[in-house]
Amino acid sequence: MNIFNRRNADREKWGERLPPGQTATDGWPILHYGSIPLIETKDWKLELAGTVEEPVSISWEEFIALPQVTVTNDIHCVTAWSKFDNTWTGVPVREVLKLVQLKPETKHVMIHSYGGYTTNLPLEDLDRDGNLFATHHGGEPLTKEHGWPVRLVVPHLYFWKSAKWVRGLNFLPQQQPGFWEMYGYHIRGDPFKEERYS
Ligand SMILES: Nc1nc2c(c(=O)[nH]1)N[C@H]1C(S)=C(S)[C@@H](COP(=O)(O)O)O[C@H]1N2
Ligand SMILES: [Mo]
């Protein structure tokens with residue numbers, strides 16, 4: 001099947017759940033820039049800083065003691081694959097946001113990963129029901145390749161926003177481009193509007 005027939009078949013199967021220009025994958029590609037960072041949970045921290053009243057740093061034990069959820073969603077990579085019906089378990093982003101008091105000027109967030117990756121989000125795209133800091137996929141702990149111990153999952157935007165190996169959030173009054181956004185990816189990245197590149 002060529003790519004056009006494939007897309008038509010996927011469109012028939014998935015309907016409106018398939019964003020424009022995407023094809024469905026059964027596997028799970030591994031995509032990241034650079035090498036997989038070495039992380040040990042005893043040293044792992046999640047740091048919340050920037051435009052907050054008090055910066056907070058939580059340990060692995062504190063993180064996994066937070067309320068957890070299991071959600072199912074679809075993910076869409078800008079390189080044109082979509083993966084349907086992913087079941088993730090982890091801590092809702094909103095539970096983590098409760099740990100800080102944001103200053104009123106907070107409008108954006110930079111996500112920082114171990115290894116140096118960054119990606120930016122408007123606060124309202126981060127502060128959503130359904131977004132989580134995932135520790136498990138399909139009931140199994142994340143593999144290192146997919147972001148163990150913790151990755152962000154923001155399913156309504158292209159998957160480059162879902163940073164693997166998360167280590168902190170830096171709250172900002174203004175938008176700043178993250179790693180791929182600096183290299184020409186769209187500043188927001190809505191797959192249903194096909195916001196791939198800027
Ligand atoms: N830390 C980090 N997170 C990252 C990336 C990266 O290079 N570094 N790549 C992003 C991109 S472009 C995609 S498509 C997804 C891929 O996640 P996966 O390898 O679990 O499929 O991770 C995103 N998160
Ligand atoms: Mo990607």
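Read the numbers this way: they start at 1 and go in the same order the structure lists the ligands and their atoms. Counting begins at 1 with the first residue of the sequence.
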Would you mind listing which atoms of ligand 1 come within a distance below 4.0 Å of any non-hydrogen atom of Ile30? 19 (O)
Of Lys164, His32, His137, which has the heavy atom at the shortest distance from atom 19 (O) of ligand 1? Lys164
Heavy-atom contacts with Trp81 under 4.0 Å: which atoms of ligand 1 show up? List them by number with element. 21 (O)
Check this for me - ligand 1, Tyr114, N or O atoms closer than 3.5 angstrom, yes or no? no
Interfacing atoms of ligand 1 (cut-off 4.0 Å, heavy-atom, Tyr33): 6 (C), 7 (O)
Determine whether the side chain, the backbone, both or neither of Tyr185 has a heavy atom under 4.0 Å from any heavy atom of ligand 1. neither
Examine the side chains of His76 and Ser82 and answer whether a donor and an acceptor come within less than 3.5 Å of each other. yes
Is the contact between Phe159 and ligand 1 made by the side chain, the backbone, both, or neither, using heavy atoms and a 4.0 Å cut-off? both
Within the 4.0 Å heavy-atom shell around Pro29, which atoms of ligand 1 are there? 18 (P), 19 (O), 21 (O)
Residue, atom and distance of the protein heavy atom nearest atom 14 (S) of ligand 1 read Cys77 SG, 3.3 Å
Which residue supplies the protein heavy atom nearest to atom 22 (O) of ligand 1, what is that atom called, and how far is it? Arg151 NH2, 3.4 Å
Need the ligand 1 atom indices (1-based, order shown) with element for anything under 4.0 Å from a heavy-atom of Ser113. 1 (N)
Under 4.0 Å, heavy atoms only, figure out whether ligand 1 is touched by the backbone of Trp160, its side chain, both or neither. both
For Ala163, the ligand 1 atoms with a heavy-atom partner under 4.0 Å come out as 3 (N), 24 (N)
Between Tyr158 and ligand 1, find which residue part has any heavy-atom pair under 4.0 Å and reply side chain, backbone, both or neither. neither
Residue Ser162 vicinity, atoms of ligand 1 by number, heavy atom under 4.0 Å: 22 (O), 23 (C), 24 (N)
List ligand 1 atoms under 4.0 Å from Trp165, heavy atoms only on the residue side. 1 (N), 2 (C), 8 (N)
for atom 8 (N) of ligand 1, nearest protein heavy atom and its distance come out as Tyr117 CG, 3.2 Å
Give me the nearest non-hydrogen protein atom to atom 9 (N) of ligand 1 as residue plus atom name, then the distance to 0.1 Å. Leu31 O, 3.5 Å
dist Lys107:NZ -> Gln174:CD (nearest 0.5 Å) comes out at 10.0 Å
Is a donor on one side and an acceptor on the other found under 3.5 Å between the side chain of Ser162 and the backbone of Val154? yes
Nearest heavy-atom approach of Lys164 to His32 is NZ-ND1, 3.0 Å
Is there a donor-acceptor contact under 3.5 Å from the side chain of Thr25 to the main chain of Gly27? yes
Return yes if some donor-acceptor pair links the side-chain N/O of Thr118 with the main-chain N/O of His112 below 3.5 Å, else return no. no
